[in-house]
Amino acid sequence: MSEEQPREPEPGADPAVYLGLLARGAAAEAYDRPVLLARADGAGPAALAALEGAKRLALRVRAELEGRRRREAELSALFETAHDLAGLRDLDAVLRAIVQRARSLLGTEVAYLSLHDPVAGDTYMRVTEGSVSARFQQLRLGMGEGLGGLVAQTARPYVTESYFDDERFLHTRAIDSGVRDEGLVAILGVPLTLGSQVIGVLFAADRRARVFEREQVALLGSFAAHAAVAIDTANLLAETRSALAELERANGIIRAHSGVIERASEVHDRLTELVLRGGGVHDVAAAVAEVLDGAVEFTEGPLPAECVDGHATRRGDDWVAAVSAGGEALGALVLRGHPDLDPVDQRTLERAAMVTSLLLLARRSAGEAEQRVRGELLDDLLDAPERDRRLLRERAARLRTDLDAPHVVLAARIDRPAPPTDPHAPVREGTAREGAGREGAERDGADRQRLWSAASHLAATRHGLASARDGGTVLLLPLGPGDCAADLARQTAKHLGGTLREPVTVGASSPVDAPATRPGAIAPAYEEARRCLEALRLLGRSGEGAAASDLGFLGLLLADTRDITGFVTRTIGEVVAYDRSRGTDLVRTLDAYFASGMSPVRTKDELHVHVNTVAQRLERIGRLLGPDWQSPPRTLEIQLALRLYAMSAAVAR
């Protein structure tokens, strides 16, 4: 007998496969697959045991790596928080950063911070992150009431997996109603302490049952310590500011300018309050008008030539303070009817102009940020439809966009007539022509930017999405009840064209029932919308909006849905319905009329009826189809519809 040949290693039985899983950071579930594959391939007990051992070791290594990464992220967040404290300027901003980082690192849906009110003897909500309930954001917790009141009373952290089932806390109707409105279930609260005094509570919470680990409680406690330091630092700064204000007032009294300085302090407080509560430009103008006892208004547009950036300038009986940022003129604050203005009041007007510019920039930045987020989501739907549909829904919900509703994809482009060229211009003037080409490219870029900005604003107001693409803009807008794709395209073209004062051509796709369920349908719908846009431009209909259904047989070719029945119904549906309800023979007459070269005499021979009968039938057809039914474009569509109707009738038989 010959010796038995050594057995080849079984496929999938190599323990080194776990090194590859560790290297690419695979999920824990992936570590079971090599064992399952080896068992399916018939691996022996020794090989399976080796794989099981390698799997356990790899999972321990993976857990250790994840722990290290988590600790690194926690240390990084604590370092960033400490850095924020070192440059403390805005207490609310620091507290918001602390709450945001706590929520992110603990992976909770909501995080919030409450502070102690020594006058009322309770705690009130100061900062919330992830909260959606107005009632919850206005909660006040008395000492010992609810989880937060117990934390504030005992200066100890408390945690619950299910708040409403936990009898350790004093449940009140107001607190339970707020927590129920927010949908919270699992809550962790840690005290904010200064020495032995509790000044507030920091919370992390989820809308589902959850067990908070000891490390997470300690991490939230570290953030609470930072928050307490931030509050203490802010109080010290406030006391310093208060002392400086007292000194300033004393100096003002000595200099006999107390009234003016008080007005300056008042406007400073008013402007600070306006900024903190998110006031607008006209609120600033109203506050300054009240303080300076005059009429103040904000004007947009170019500034007068004599206006100097940063300084108030007199123009007749008025004073003008430029509102600008980074060299860009945003407008001006104008104080009417105040020719005599002392230097302190001038400074007040200038400070109000500076606050106005900050508000305008903040509003612009917020708007641009939302536009970018909407564009990124639409780009992902077009380019990466295989992404997690749950995440797509969550991202859309944050933008108040319902991707489970029917939507239409729209392709939009500015169609400005090309500038006339001089045919006699000498060819040697290459430099001038290159300059003209650069100017044209810059103008096109500016047009695309303007179109994207206007489309993004429209998408935000319609709870849709918009993105710059392929030299134009693509929009994903919800389809309202009773609306159709063609109506939406015409409305969009009219709105964008009116906003930009330029002709904007818009092509629409067929409706997409639920983009969240069928994200892969967005890219084909966009291609259909682009084809419709190009067809409109080729047909000389620039500046209009339309869907494939508006383009007759051309739309039938452009649309991805190939809605033959809809085309037939739109074209000769009235005639077909008349025959069915009256028992007439108008469809056959129409077919014979075209087959006879549109000759009533030859038509009556084909149908074996009197020529007057043919004339009466043609008159009836004209009333059903409209007076232009015999024009060349209409006759082409009608003949095509007759052929398709005859084919569908034959198939049905």
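Looking at Pro191 and Val201, their side chains never come closer than 4.5 Å, going by heavy atoms from C-beta outward. Looking at Arg180 and Phe164, their side chains come closer than 4.5 Å, going by heavy atoms from C-beta outward.
With 3.5 Å as the limit, one finds a donor-acceptor pair spanning the side chains of Gln137 and Ser131.
Electrostatic pairing of Arg207 and Glu182 counts as a salt bridge here, judged by a charged N lying under 4.0 Å from a carboxylate O. With salt bridges taken as basic N to acidic carboxylate O contacts below 4.0 Å, none links Arg393 and Asp402. Ionic pairing of Arg210 and Asp206 is present here: one or more N-O contacts between side-chain nitrogen and carboxylate oxygen are shorter than 4.0 angstrom.
When all heavy atoms of Val151 and Val190 are compared, the pair lying nearest together is CG1-C, 3.7 Å. Closest of all the heavy-atom pairs between Ala102 and Leu220 is CB-CD1, 3.7 Å. Contact record, Ile175 with Leu141: CD1-CG, 3.9 Å, taken as the closest heavy-atom pair. Among all heavy-atom pairs drawn from Gly464 and Pro478, the shortest one is CA-CD, 4.2 Å. Contact detail for Ala412 and Leu496: the closest heavy-atom pair is CB-CD1, 4.2 Å. Taking each heavy atom of Leu192 and Ala227 in turn, the nearest pair found is CD2-CB, 3.7 Å.
Proximity of the aromatic rings of Tyr163 and His171 is defined here by a centroid distance below 6.0 angstrom, and this criterion is met.
In this structure, the side chain of Ser453 does not engage the main chain of Gln449 through any donor-acceptor pair within 3.5 Å. Of the possible donor and acceptor atoms, one in the side chain of Ser177 sits under 3.5 Å from a partner among the backbone N and O of Arg173.
Remark: His116 NE2 to Tyr124 OH distance equals 10.0 Å, nearest 0.5 Å. Rounded to the nearest 0.5 angstrom, Leu106 CG and Arg103 CZ are separated by 12.0 Å.
Within a 6.0 Å radius of CZ in Arg501, no more than 12 heavy atoms belonging to other residues, nucleotides or ligands are found.
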Subject >> From CA spacing to verdict: side-chain contact (heavy atoms from CB on, under 4.5 Å), Arg208, Val185 >> reply: CA-CA 5 Å; Arg208 54 182 173 80; Val185 177; 5.5 Å; no

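Ring orientation note: the planes of Phe169 and Tyr158 are nearly perpendicular, at an angle over 60° on the 30°/60° scale.
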